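These figures come from a predicted structure and were not determined experimentally.
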Amino acid sequence: MRFLPALTRAAAVGVAAILAATALTACGSDDSSSDADSNPYGLIQAGVLRAGTLSDAPPNVYLKDGKFTGFDNDLLTAVADKIGLKVEFVGTDFSALLSQVNNRKFDVGSSSITITEARKKNVDFGNGYDFSYFGLDVPAGSSITGFDQLAGKRVVVVQGTVQDDYATAQKLDPVRVPDYNGAINQLKAGTADAWIAPAEIGDKLAADSNGKITVAAKQLSNAPTAYAVAKGNDKLREALNKGLDEVIADGTWSRLQLQYYPGRPVPEDFKPGSGTVAVPSPAVS
């Protein structure tokens, strides 16, 4: 009988331990459910879309008066607004952007990223929101007039871009630089004979060169550009696709096309977003 109080105390301690463990488990479950509700897209910070982008690639992505802007970034801001998110832009180099997206340093990559099979191994892409051309920028007075004249020339590209892929496939042994300023500076300094560029960016930087750089040729790229997200983040990718269709339908996409690429024709076979949404003309927008 003398052992009964001790046994009772031991039983009470055991019950208390079980109740405490149950309470901890329940709290953990509640926290997990709360996180899923407040941050359904698995963002670095709930409610904020952290976007990796560039600062030197107008009119697509660039800094103006300390603010990241350009067609891609303004469109992303409009898309994010449709799904209730604010965008925080952070500058980086293009060569590092996709790995930073997949490592979750950024929630999304915004930089006229052309969809390729090789890139699909590292990141997932939303629906295409733009088309692109390759441009060929050369120093003023150059005899180069086309892409077929680059063999044996010193050709510069931005590392990791589809222009880099193109130059490598053409066995041009390109000079690789980390950013667009580096590419245009090579032409200005006379240390490169040509730069294979995204055409819109090449046009803008040539126009800003005070006649030192000219555009020799252009050719249409065969793949669309899209926003990149980490592999497997389907909820964010699907939400961005939904928001993109909405800004196409309300005329924002058409308005931004006219603002940033005035006079640039849209290929007849290019359908932005899911391809199921009617695209209003800029006049209607």
Side-chain angles (χ1 to χ4, degrees), residues 53-77 89 91-94 97 110-114 129-150 153-164 166-167 172 174-221 224-225 253-267 270 282:
T53 188
L54 308 188
S55 62
D56 64 344
N60 300 16
V61 286
Y62 63 101
L63 269 175
K64 181 179 181 181
D65 300 327
K67 178 184 177 182
F68 284 99
T69 186
F71 175 81
D72 300 63
N73 289 342
D74 286 4
L75 183 68
L76 181 60
T77 299
F89 291 105
T92 187
D93 289 335
F94 188 85
L97 178 57
S110 171
S111 184
S112 293
I113 307 168
T114 302
Y129 62 80
D130 202 12
F131 56 95
S132 63
Y133 290 84
F134 287 178
L136 186 61
D137 283 27
V138 298
S142 171
S143 62
I144 297 173
T145 59
F147 289 87
D148 58 345
Q149 298 174 338
L150 297 179
K153 303 295 185 182
R154 187 174 173 85
V155 178
V156 65
V157 295
V158 174
Q159 183 177 357
T161 60
V162 288
Q163 292 80 30
D164 184 354
Y166 172 84
L172 297 177
V175 176
R176 296 177 175 87
V177 294
D179 54 41
Y180 293 104
N181 282 330
I184 204 74
N185 287 337
Q186 290 261 347
L187 293 184
K188 289 180 178 178
T191 53
D193 298 310
W195 169 34
I196 303 175
E200 296 80 13
I201 297 170
D203 286 352
K204 181 66 169 64
L205 295 180
D208 292 343
S209 71
N210 295 319
K212 294 179 180 179
I213 309 299
T214 62
V215 179
K218 295 180 185 180
Q219 66 182 38
L220 184 65
S221 174
T225 61
W253 184 88
S254 299
R255 175 179 58 78
L256 292 174
Q257 283 280 324
L258 183 63
Q259 176 183 341
Y260 285 104
Y261 312 125
R264 184 185 72 162
V266 177
F270 177 73

Looking at [atom1] of [X] and [atom2] of [Y], how far apart are the two atoms once the value is rounded to the nearest 0.5 Å?
{"X": "T191", "Y": "R154", "atom1": "OG1", "atom2": "CZ", "result": "6.0 Å"}
{"X": "R255", "Y": "L75", "atom1": "CZ", "atom2": "CG", "result": "9.5 Å"}
{"X": "N60", "Y": "D74", "atom1": "CG", "atom2": "CG", "result": "11.5 Å"}
{"X": "F131", "Y": "T114", "atom1": "CZ", "atom2": "OG1", "result": "12.0 Å"}
{"X": "N73", "Y": "T53", "atom1": "CG", "atom2": "OG1", "result": "3.5 Å"}
{"X": "T214", "Y": "I144", "atom1": "OG1", "atom2": "CD1", "result": "9.5 Å"}

Flag side-chain contact, heavy atom, 4.5 Å: [X] against [Y]:
{"X": "L136", "Y": "I196", "value": "yes"}
{"X": "I113", "Y": "L97", "value": "yes"}
{"X": "S132", "Y": "S221", "value": "yes"}
{"X": "V156", "Y": "V177", "value": "yes"}
{"X": "P174", "Y": "D164", "value": "yes"}
{"X": "Y261", "Y": "E200", "value": "yes"}
{"X": "D193", "Y": "P139", "value": "no"}
{"X": "F89", "Y": "T77", "value": "yes"}

Of all heavy-atom pairs between [X] and [Y], which one has the smallest distance, and what is that distance?
{"X": "P265", "Y": "Y133", "value": "O-OH, 4.5 Å"}
{"X": "Y129", "Y": "W253", "value": "O-NE1, 2.7 Å"}
{"X": "A206", "Y": "D137", "value": "CB-OD2, 3.8 Å"}
{"X": "D179", "Y": "G182", "value": "OD1-N, 2.7 Å"}
{"X": "A192", "Y": "L187", "value": "O-CD2, 3.6 Å"}
{"X": "P224", "Y": "F270", "value": "CB-CE1, 4.1 Å"}

- Item | Aromatic ring pairing F134/Y166, orientation class (parallel under 30°, perpendicular over 60°, tilted between) | perpendicular
- Message: Is it the case that over 12 heavy atoms from other parts of the model lie below 6.0 angstrom from the CG atom of N210?
- Response: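 Not buried by this count: 12 neighbours or fewer within 6.0 Å.
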- Tell me, with the steps shown, if K153 and L172 meet side-chain contact (heavy atoms from CB on, under 4.5 Å). CA-CA 8 Å; K153 303 295 185 182; L172 297 177; over 6 Å; no
- Query: Please walk me through it: do K218 and D203 pass side-chain contact (heavy atoms from CB on, under 4.5 Å)?
  - Reply: CA-CA 10 Å; K218 295 180 185 180; D203 286 352; 2.7 Å; yes
- side chain to side chain donor-acceptor pair (under 3.5 Å) partners for D130, two or more places apart: Q257, R264
- Query: Is there a donor-acceptor pair under 3.5 Å between the side chain of D72 and the backbone N or O of S112?
  - Reply: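 Yes.
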- Please lay out, stage by stage, how L205 and W195 fare under the test side-chain contact (heavy atoms from CB on, under 4.5 Å). CA-CA 11 Å; L205 295 180; W195 169 34; 3.8 Å; yes
- With K64, which residues qualify under side-chain contact (heavy atoms from CB on, under 4.5 Å), at least two apart? Y62, T69
- Just do the side-chain contact (heavy atoms from CB on, under 4.5 Å) check on F68 and V61 with the steps written out, would you? CA-CA 7 Å; F68 284 99; V61 286; over 6 Å; no
